[in-house]
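Residue numbers begin at 1 in each chain, while the letters A, B, ... track the order of the sequences. The model shown is predicted, which means the values in this text are computed figures rather than measured ones.
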Amino acid sequence: MIVTQTEENLEEVQTLLAQLAIAYTRPEENRIDVILPPAKLVEAARIMEDTGFWYLSAITGVDHSSSADTTNEEKAWQRVVEGEEQTGFGYSGVLEALYHFCKGSVVATLRVRMGHANPNLPSICGVVPSASLYERELMEMFGISIEDTPVKDHLLLPDDWPVGVYPLRKDFKGFGQPEVEGGANA
Amino acid sequence: MDLPKAWEAALVDLKTWARINSPWAIHFNSGSCNGCDIEILATLTPRYDLERLGIKLQGSPRHADVLICTGPVTRQARERLIRTYEQMPDPKFVVAVGSCGITGGAFEGCYNVANGVDKVIPVDVYIPGCPPRPEAIIFGVSQLLQSLQPPKKAKNRNAIVTNPITGSTPKKGVGE
Amino acid sequence: MKIGSLIGDILKSFFKKPATILYPVERIHAPERYRGQLFWEPEKCSGCQLCVKDCPSNAIELIVLDKVNKRFVMRYDKDKCTYCAQCVASCRFACLNMNSDQWELASLRKEPFTVYYGKDEDVSFLLAERAATSHLHSTE
Amino acid sequence: MPETKHGDKFIVPIGPQHPALKEPGHFEFTVDGETVTGASVRLGFVHRGIEKAAEERTYIQDLYLLERICGICSHVHAMAFALGVEKLAGVTVPERAQAIRVLVAEMERIHSHLLWLGVAAHEAGFDTLFMYAWRDREKVMDLLEQLCGNRVNYSINVLGGVKEDVNDVIRDGILSAMDYLETRTVLYLKLVTTERTLIGRTRGIGIMEKQTAARLGTVGPTARASGLERDIRLEAPYAAYLQYPARIVTEQTGDLEARFIVRVKELYESFRLIRGILSTLPGGELTTKMPRRIPEGETISRVEAPRGELFYYIKSNGSDKPDRVKVRTPSINNFASVMATAVGHKLADIPMILSGIDPCFSCNDRMVSIRGSEGQQAVDWEELRLYGIEYYR
Amino acid sequence: MSENMKSILSLLIFPGGLAVMAAGMIYEYIDRKLVARFQNRVGPRWFQPLADFIKLLAKEEVIPEGIHPVLFQWLPVVAIAGALTSALYVPMFGVEPAFHFTGDLVVTIYLLSILTLCTGLAGANVANRFSIIGATRTLTQLFSYEAPFLLALFGPAIAAGSWDIAVIEQYATSHPWLMVFQPIGFLVALIGLMGKLELPPFDAPEAETEIVSGALTEYSGRGYALFRLGRSVELVIGLTLVAAFYLGGVANPLLFLAKTLGLLLIIAALQSLFARLRIDQTVGLWWRSGAVLVLLQLLVLIALKYFGVAI
Ligand code: SF4
Ligand code: SF4
Ligand code: SF4
Ligand code: SF4
Ligand code: SF4
Ligand code: SF4
Ligand code: SF4
Ligand code: SF4
């Protein structure tokens, strides 16, 4: 029997994660977003696991810079670290990883933020084994380094993909047509 | 001595006849969305039954005459596509199915694709559509077979429909 | 557990007419809504370019010969089109439609895939102009 | 492939495949002696960079681009995206449009399950069943073509509604096809539960316990065959599923046979839903006006695809192009579950586990090569399986 | 006509060469057509096997690297020669076999196995993993069905008290259909024939979804054409043997056609009915059911014979 106790579940997450979170928001009626420092991520994941949010639906990476303002990124990151900008979205110079845990209709998202320069995350594979694929995707698509994840090979990109090029970052503009076609004729 | 010559001509005709009536195919997915692939598979099923034209899907490139290729050719698929093509014995033909196999279609300009099969290997027939209906695929293949026909007999054999598209003359749509 | 549960069905199939349609021998018609080749009527077009903007695969281009007199030519690439009909939905003047009977588009060459729509004189004007410029380029 | 070897640890790669029907993948299993200690998967043979391209195109173009992530469940992709964008724009889509979306989604489920049944049968070397399943599938394809204008990639969605309406002719056509398919489904259910040669290849194979399935985030029929009641249509109803509630189909055994049964039984459920929708189709408009620029915000859109939960995350920045679109397809979740169930098993079990999860896996190259100290040693699927039999004797 | 001329003729034209090849193609066509009809589709045109054959002959023959080229090229020839030679001992089209001697039954059966052995060798010769697996499976399967098949054909031989195919055939013609008295032998012979020809559900050695095309994956052109033709020829010979032994002989061409085609119909239906057996299931089936049952039947036969009961 599937029960949807949206409100109760949301309350539960909120109270349990209260001491770890920097802040939280309730963007939609079935969602809660909890902003965490990267160091607290694993702990938070374990709490989610224990409360029945064992279903990790996906991990989304987001690059918040628009491609124009990457110059300011360190400054912006500074503001985040200093707590000036802790909620909301749409500020620049920040990479963010979103861990979507689901239970019934509720989506609880753990959000951790990093600067562009040296993004680092702990792996949650110890808690949620199925995170492995998504963490690999984060690594190759956004260049976030996850030191203790079990497998670090490429997942989607070819093996001869250039090092240091991360296609889903905003500053990646593609290789342009000639390169791809030239490669094809080789 | 005319006889050997006549014999030779007959032999050539026989070979052509056999080639046209027994095109075995191999199917290669080079990054397509599966749409074209399921339509290709559908052409083998009772509704369309390509076996009645002698077409069989083969597993090994060594046994195939026709490479049916779908998708815009991703970076990873490129090598394997070339290898498959090289493994096929001559004479061999390539059919590019689907808009994205011809030009990249909706994926044109994506960073991981080569925008079309003919950027990688030579293509003999292009079948646009997204995906083309199974009938349209059959039509494309019959175009290929027709082109193998010696010119004098090209018309009335096999009851294959001729291409209704004539050059680039603009036409009005029906129903206007 | 049984073995050969399908026996009734295969026997039935054996005596039934095959489900096959004999396509290349008998021509068949697609349903009315089928989205085949795109067609464009120059008379009604306002030149708003909405269709071009919304096309997911750059399959159409509206070439403006004379904006004031509404002389447009539409270039259409059958091999780029994804046959999604978004352009048809976007056009407020119903200039575009997709023909349910033109789906046998296969060709041995890529050239026939690019077609130009428009009033006859506009198309021939454009093509002549293009031929001339390409000639210029080649002699350079 | 990087070859790694520490002591008696080998990497065992499986795939990439022979080119055929679906997405090719490549798997690598690390084994320590007999036991699998790690598993990894390599996808991307069909990776086209859609997520990046989506950021560079307008919402309207994205609708069609995303629809082309996959030709088998194209409609649910477009629907998930459209629902998400409509949520962001604060637009209410007319009821009739929502009902038609659900109608097409259920028809797509029928086509997808029949397709799967056929392909699975083909994998098992049961070509007659393959032919019959695909022959019957053509009925649905015809209807979809009649209703939407294309057999695959229907493109019936637009942002703000649907393009095409259901008229009387189409409704009658669908209803009579449902009756026909229902009689056929009886046969399929009989086949998958009683045909001995088929059961010989499905019963007791690839068992996944409910607990494991739950922990690994398995979705769709694979999860439901393990007794897990997971179905977004019920958990978080979207579009018109509130008005036309689905019923869940589960099996407890969790083996390959259960997955066959769940999928076939879900066909009945789809027939019921379609009949319900057609008998009480709400009236009204098909589309509503959509802004071209979508207000800033982010949303999550989840729908139940034929293979399980499909997850979209859409972030807009106020312009006419999305800032980020994340797509998580059901398959990747089920990949994760194979990867993890493999760990701790004997190497000899791997082929079973792979083939047990999803037919897509079993059609990945059956070739396994063990990289041992004496160079490369080729082991095929069958040898590996025989080896498994031997091992357990 | 001298004896030599006669044997050469019979080897090349009738019943050895062209005639059997033509018959092979026709029977292959009928088989494919029947299966197609069982699957509710139209199926191939009548000249399909011929077109396939000529096309393959005209194709480039790729000789893969790292193999024994002579072996690679000659194996198909040996294979088809074996199949064709065996036709000389079988009463084709209701005509007396070209040759016969005491014990030619055993020789024929071994000649029939040459094709399979060649297939196996051909697979093992090639450095392609699919081929090697295919070869292994082919040989595994050979060992599993060969014995029951042989035993199944011995049944009528014991009944007739001779190892000469022609004599057995005459015995079968003059007695009621042996199929009635030895139903197990009949079934095993028929199914053994399917195993021999690697028809579904015994097609694990060339399962397309698993190992591409098995042992013959690397063959293109002429070699592949010959192997395929050899198999069609075996189909005809096998059907003839079963019809001659179990269905009351093939005394005249009409009876021959009627009986072999009847058998073909059964075989085609069986092909469409089942899912593929895994190679271990095949082996298990043959040894556990096939071999044991035929052996039992043989023992009963021998015992009856011993006690002088007329069969
Ligand atoms: S042409 Fe269309 S349907 Fe075919 S593979 Fe490409 S995107 Fe898919
Ligand atoms: S149908 Fe779609 S792809 Fe084709 S021109 Fe129109 S908008 Fe572009
Ligand atoms: S949308 Fe219609 S009116 Fe506007 S340019 Fe296109 S065809 Fe012309
Ligand atoms: S959906 Fe994922 S796998 Fe598919 S193209 Fe996009 S990024 Fe690649
Ligand atoms: S799960 Fe993925 S590959 Fe499978 S049908 Fe759906 S979108 Fe396509
Ligand atoms: S799970 Fe299977 S069917 Fe689905 S996308 Fe993956 S390979 Fe394809
Ligand atoms: S899933 Fe199987 S049939 Fe499909 S592409 Fe992969 S290997 Fe081929
Ligand atoms: S095994 Fe054959 S029919 Fe099946 S998916 Fe592969 S190529 Fe297609």
Side-chain angles (χ1 to χ4, degrees), chain B residues 43 45-49 51-53 95-109 116 118 123-147 158-176, chain C residues 13 18-30 32 34-42 55-59 73-74 76-84 94-120 122-123 127:
Chain B
T43 58
T45 57
R47 183 57 155 322
Y48 304 101
D49 187 30
E51 199 180 4
R52 76 202 145 89
L53 299 184
V95 182
V97 176
S99 292
C100 73
I102 305 177
T103 60
F107 310 113
E108 191 183 10
D118 59 353
V123 173
D124 296 282
V125 191
Y126 303 89
I127 308 179
C130 189
R133 321 174 67 198
E135 289 98 331
I137 298 176
I138 298 176
F139 173 77
V141 173
S142 62
Q143 289 296 303
L144 170 73
L145 299 182
Q146 206 173 32
S147 75
N158 280 356
I160 283 166
V161 261
T162 39
N163 192 337
I165 289 94
T166 44
S168 60
T169 21
K171 272 198 250 162
K172 269 228 173 93
V174 179
E176 285 171 24
Chain C
S13 301
T20 313
I21 47 172
L22 301 169
Y23 164 62
V25 185
E26 291 162 17
R27 179 133 199 303
I28 45 164
H29 291 275
E32 203 187 319
Y34 186 76
R35 299 191 298 267
Q37 184 176 345
L38 182 74
F39 289 95
W40 178 74
E41 279 181 82
C55 174
S57 56
N58 295 324
V73 174
M74 179 171 276
Y76 169 58
D77 288 323
K78 289 184 257 182
D79 55 345
K80 286 189 179 173
C81 185
T82 61
Y83 302 88
C84 64
C95 311
L96 293 154
N97 78 74
M98 303 193 89
N99 187 325
S100 69
D101 226 26
Q102 303 276 330
W103 44 263
E104 289 150 316
L105 304 175
S107 158
L108 303 178
R109 293 169 307 127
K110 264 178 145 175
E111 290 75 43
F113 291 142
T114 306
V115 291
Y116 293 90
Y117 296 128
K119 298 189 193 96
D120 288 343
D122 292 347
V123 174
L127 293 180

Considering all heavy atoms of both residues, which atom of [X] and which atom of [Y] are nearest to each other, and what is their separation?
{"X": "P131(B)", "Y": "Y34(C)", "value": "O-OH, 4.3 Å"}
{"X": "A106(C)", "Y": "G140(B)", "value": "CB-CA, 3.4 Å"}
{"X": "P128(B)", "Y": "D79(C)", "value": "CB-CA, 4.0 Å"}
{"X": "S99(B)", "Y": "C81(C)", "value": "OG-O, 2.7 Å"}

Contact class of N58(C) relative to chain B, heavy atoms under 4.5 angstrom: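 The side chain, not the backbone.
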Residue F113(C) versus chain B: region with a heavy atom under 4.5 Å: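 Looking at F113(C), just its side chain touches chain B.
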For chain C, the option from [options] that forms the most heavy-atom pairs under 4.5 Å:
{"options": "V141(B), I137(B), V125(B)", "answer": "V125(B)"}
{"options": "V97(B), V123(B), D124(B)", "answer": "D124(B)"}
{"options": "S147(B), C100(B), P46(B)", "answer": "P46(B)"}

Any donor-acceptor N/O pair, T82(C) side chain to C130(B) backbone, under 3.5 Å: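 No, T82(C) side chain to C130(B) backbone: no donor-acceptor pair under 3.5 Å.
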Heavy-atom donor-acceptor pair, K110(C) side chain to I102(B) backbone, under 3.5 Å: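 At least one qualifying donor-acceptor pair exists.
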Side chain / backbone / both / neither for R133(B) at chain C, heavy atoms under 4.5 Å: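 Interface part for R133(B): both.
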Engaged part of L53(B) at the chain C interface, taking heavy atoms whose separation is under 4.5 Å: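 Interface part for L53(B): side chain.
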Option that, when pairs with chain B are counted at under 4.5 Å, heavy atom only, ranks first among M74(C), E32(C), R109(C):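 Option with the top pair count is R109(C).
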